[in-house]
K.L.:
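Take a look at the following structure, please.
Bear in mind the structure is a predicted one, so any value in this text is a computation, not a measurement. Below, chain A is the first sequence line, B the second, and so on; all start at residue 1.
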Amino acid sequence: MITAYKCKACGQMMYPYHYRCIKCGAREFDKVAPSDSAKLLTYTIIEQLPWGFDERGRVLGVIEFTNKVRAMALIDVDADRDEVKLGMKLSVHWEPVRDDYGEKVYGIVCRPA
Amino acid sequence: MKPVVIAGAGMIAFERRDDDSLVDMLAMASLRAMDDAGLGDHPVDAVIVGNMASGLFNHQVSVASALVDKLSLYPAAAERIENGPASGGSAIKHGYQAIASGMADVVLVAGGEKMREVIGPRATDVVAYMAQPEAEYVYGVSLPAMAGMFARLYMKKYGVTAKHLAQVAIKNQANGLLNPYAHIHMKITMEGILTHPDSVVSNPIVADPLRLYDCCPVSDGAAAVVMTTPEIAKTLSSKPPIEVAGIGQATDTHALHEREDPTDLKAVRIAAEKAFAMARCAPQDVHVAELHDAFTILEIAESEHVGFFEKGEGAKALANGVTSLDGHLPINPSGGLKARGHPVGATGVAQAVELVWQLRGEAGERQVRDAVNAFMVNFGGFGNNVVATVLRRES
């Protein structure tokens with residue numbers, strides 16, 4: 001799973017890593033593990049994917065974990081895309097999100113909770 | 001700083017150009033700008049090329065040196081400026097700095113991209129390289145997908161509808177019909193792209209809620225300007241030099257999810273504020289604008305963020321015809337990225353070329369009347385590096 005970073009000076013939560021805090025510029029952080037549930041802030045359903053994907057209708061979203069870490073994630077709703085709603089509760093998993101020349105690349109995968 | 005003007009402007013038609021290399025396109029656009037400026041044998045001190053990804057699209061790098069060679073402009077200094085889709089706007093900024101500082105007297109700025117050398121999904125992938133690698137790119141995000149996620153929130157928050165988005169496309173493609181340099185010459189209607197049941201086929205979803213006609217095409221093309229001092233410009237040609245009155249640039253977080261309010265295009269707002277402050281004018285003083293409508297939602301959002309309209313009023317202004325060619329504030333008379341096309345590195349320079357023509361009264365059938373102040377936004381990344389520019393005709 002991803003590691004998020006909390007600024008020791010101002011408490012700002014960050015993901016991915018920055019060498020300086022995006023809010024106050026401080027350089028020291030506590031590592032934070034994201035919680036195992038999240039809500040959906042926004043999403044899209046991509047019908048025209050970039051090179052490297054042999055599929056249509058991939059749902060990507062921006063999620064906010066219950067401990068306020070934010071990230072992009074793959075939203076796995078099988079065939080039922082009407083299920084996807086803003087604000088919906090999600091369970092969070094660490095699973096392959098793309099295949100890079102035979103090598104599985106892992107990322108955040110969410111399913112309706 | 002010395003005042004800086006654009007003395008000459010030129011471009012080639014944006015389209016699929018299988019027979020021309022990137023450097024050929026840059027050279028053809030450059031010659032038009034040089035001839036337009038009346039440059040003759042006057043030396044060019046520097047050549048600056050705006051380009052995002054020649055190495056990936058065309059297997060060629062050091063394209064500014066290659067352009068100097070094609071045009072036999074040795075020993076001019078030469079650099080390529082890469083700032084994603086804002087490469088053109090950034091290249092003009094660097095041209096400005098070279099003249100204003102006194103380091104150069106005459107600078108040729110050319111922007112170009114040859115994207116159709118690769119197939120569509122590959123082009124989508126190359127453009128997606130500007131996303132945050134481990135937090136965005138790995139998921140298969142495309143730029144339309146980022147715009148889709150932005151659009152979903154923006155539409156909900158400000159009452160923008162699919163009909164408003166279609167109105168941007170219809171307006172800009174109507175303007176594009178009047179622009180011989182535009183990639184897309186096709187009249188579209190609300191029925192054809194939205195309200196008719198068959199529109200789900202003629203205008204399919206690309207990245208929900210955005211459809212095909214909400215997205216700019218993938219194009220080849222180049223545009224160029226000659227920048228110099230007002231004094232030198234007057235010795236070259238009788239055409240009115242166009243003052244580069246203000247330039248502003250601003251950045252924002254790389255990852256979309258790290259923005260406190262993901263509907264706030266902070267870099268657009270700050271870049272515009274800086275450009276207007278430098279030009280000592282206000283959004284209300286602008287007579288014509290070229291905004292970066294890579295996606296229809298962006299024209300509406302940018303028109304609000306730069307200060308033309310209050311938040312939530314941009315779509316209404318559009319619907320009321322304010323931003324149409326015959327409206328109070330025409331936006332994208334060229335057809336914008338939507339119709340002119342978006343060869344990534346060419347776009348910022350093409351926006352400036354259009355505005356030079358508008359300010360000189362050379363824009364033909366799409367001429368906006370009596371424009372003195374013109375404004376452009378060149379939007380890099382998904383809004384994480386934005387260049388705004390004010391151009392002005394001497395009154």
Side-chain angles (χ1 to χ4, degrees), chain A residues 2-5 12-18 21-23 38 40-65 68-76 81-82 84-87 95-100 103-110, chain B residues 56 118-129 131-157 200 204-212 214-215 218 251-263 266 295 297 382:
Chain A
I2 62 165
T3 301
Y5 300 87
Q12 174 72 30
M13 202 72 92
M14 279 161 280
Y15 169 74
Y17 181 76
H18 300 261
C21 173
I22 59 174
K23 201 167 180 184
L40 187 62
L41 297 185
T42 185
Y43 69 95
T44 185
I45 304 168
I46 317 177
E47 299 292 349
Q48 309 277 344
L49 278 139
W51 180 265
F53 293 89
D54 188 16
E55 64 177 90
R56 277 178 179 268
R58 188 178 179 88
V59 185
L60 294 188
V62 171
I63 62 164
E64 185 175 271
F65 293 88
K68 302 295 176 195
V69 174
R70 285 191 199 169
M72 188 173 282
L74 176 62
I75 314 298
D76 177 16
R81 294 187 224 145
D82 293 341
V84 185
K85 296 275 184 294
L86 288 179
E95 294 177 9
V97 292
R98 76 185 292 158
D99 186 288
D100 201 2
E103 190 185 337
K104 298 218 178 305
V105 180
Y106 280 69
I108 304 167
V109 178
C110 293
Chain B
L56 292 159
V118 300
I119 59 167
R122 186 65 91 180
T124 303
D125 189 43
V126 169
V127 173
Y129 290 174
Q132 213 292 339
E134 75 266 27
E136 295 184 325
Y137 175 78
V138 289
Y139 294 97
V141 77
S142 61
L143 265 286
M146 288 185 162
M149 287 189 264
F150 172 81
R152 186 175 308 282
L153 292 180
Y154 208 88
M155 292 167 81
K156 185 166 183 247
K157 187 168 180 181
V200 294
I205 296 282
V206 170
D208 186 68
L210 300 180
R211 293 160 170 252
L212 181 65
D214 290 311
C215 306
V218 177
T251 49
D252 200 353
T253 66
H254 196 176
L256 213 53
H257 67 255
E258 288 211 286
R259 298 181 194 166
E260 202 169 339
D261 174 359
T263 61
K266 203 193 280 183
F295 307 100
I297 185 68
F382 196 78

K.L.:
As an exercise: rank B:I205, B:L210, B:V126 by heavy-atom pairs under 4.5 Å with chain A and give me the winner.
P.N.:
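The candidate making the most pairs under 4.5 Å is B:I205.
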K.L.:
Measure the shortest side-chain to side-chain distance between B:E136 and A:P16 over non-hydrogen atoms and say whether it is less than 4.5 angstrom.
P.N.:
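Side-chain contact under 4.5 Å: no.
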K.L.:
Atom CE of B:M146 and atom OG1 of A:T42: how far apart are they, to the nearest 0.5 Å?
P.N.:
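Here the interatomic distance stands at 12.0 Å.
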K.L.:
Heavy-atom cut-off 4.5 Å, strictly under: side chain, backbone, both or neither for B:I119 against chain A?
P.N.:
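Looking at B:I119, just its side chain touches chain A.
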K.L.:
Could you look at A:V105 and say if it's the side chain, the backbone, both or neither that has a heavy atom under 4.5 Å from chain B?
P.N.:
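Side chain of A:V105 only, per the 4.5 Å heavy-atom cut-off to chain B.
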K.L.:
Does the Lys NZ or Arg CZ of A:R98 fall within the cation-pi geometry relative to B:Y137 - under 6.0 Å from the ring centre and within 45° of the axis?
P.N.:
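Flagged: A:R98 positioned over aromatic ring of B:Y137.
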K.L.:
Ignoring hydrogens and angles, tell me if any N or O in the side chain of B:S142 forms a donor-acceptor pair with the backbone of A:P50 under 3.5 Å.
P.N.:
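Here the side-chain-to-backbone pair does not exist.
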K.L.:
Minimum heavy-atom separation for A:L60 and B:M149, please, with both atom names.
P.N.:
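Minimum heavy-atom separation between A:L60 and B:M149: O-SD, 3.9 Å.
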K.L.:
So which residue, A:I2, A:L49, A:L86, A:D100, ends up with the most heavy-atom pairs under 4.5 Å with chain B?
P.N.:
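Sorted descending by pairs with chain B, the first entry is A:L86.
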K.L.:
For a quick test of reading the model, state the closest non-hydrogen atom pair linking A:M72 to B:A135 and the distance between them.
P.N.:
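Closest approach of A:M72 to B:A135: CB-O, 3.4 Å.
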K.L.:
Between A:G107, A:A73, A:A71, who has the most heavy-atom pairs with chain B when the cutoff is under 4.5 Å?
P.N.:
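Option with the greatest count: A:A71.
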K.L.:
Can you tell which part of B:R211 gets under 4.5 Å to a heavy atom of chain A, answering side chain, backbone, both or neither?
P.N.:
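Neither part, no heavy atoms under 4.5 Å.
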K.L.:
Would you mind reporting whether B:P144 and A:Q48 have side-chain heavy atoms less than 4.5 Å apart?
P.N.:
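No. Closest side-chain heavy atoms not under 4.5 Å.
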K.L.:
So which part of A:Y43 gets closer than 4.5 Å to some heavy atom of chain B, the side chain, the backbone, both or neither?
P.N.:
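Contact with chain B is through both the backbone and side chain of A:Y43.
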K.L.:
Would you find a donor on one side and an acceptor on the other, under 3.5 Å apart, between the side chain of B:R152 and the backbone of A:L41?
P.N.:
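Such a contact is absent between B:R152 side chain and A:L41 backbone.
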K.L.:
Examine whether an atom of A:I45 lies under 4.5 Å from a heavy atom of chain B, and if so say whether it belongs to the side chain, the backbone or both; otherwise answer neither.
P.N.:
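A:I45 touches chain B through backbone and side-chain heavy atoms alike.
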K.L.:
Taking B:H257 for its side chain and A:V62 for its backbone only, find out whether a donor-acceptor pair lies under 3.5 Å.
P.N.:
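Checked: no pair found.
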K.L.:
Rounded to the nearest 0.5 Å, what separation is found between the CD atom of B:Q132 and the OH atom of A:Y15?
P.N.:
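If I round to the nearest 0.5 Å, the distance is 7.0 Å.
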K.L.:
May I ask you to test the B:E258-A:H18 pair for a side-chain heavy-atom distance under 4.5 Å?
P.N.:
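Yes, their side chains come closer than 4.5 Å.
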K.L.:
Could you check which of B:L256, B:T253, B:T124 has the highest count of heavy-atom pairs closer than 4.5 Å to chain A?
P.N.:
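Of the options given, most contacts go to B:T124.
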K.L.:
Indicate the atoms forming the closest heavy-atom contact of B:D208 with A:T44, along with that distance.
P.N.:
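Taking every non-hydrogen atom into account, O-OG1, 2.6 Å.
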K.L.:
Between A:V109, A:I108, A:L74, which has the largest tally of heavy atom pairs under 4.5 Å with chain B?
P.N.:
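Looking at each of A:V109, A:I108, A:L74 in turn, A:I108 comes out on top.
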K.L.:
Is the count of non-hydrogen atoms from other residues, nucleotides or ligands lying under 6.0 Å from A:E55 atom CD greater than 12?
P.N.:
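More than 12 within 6.0 Å, yes.
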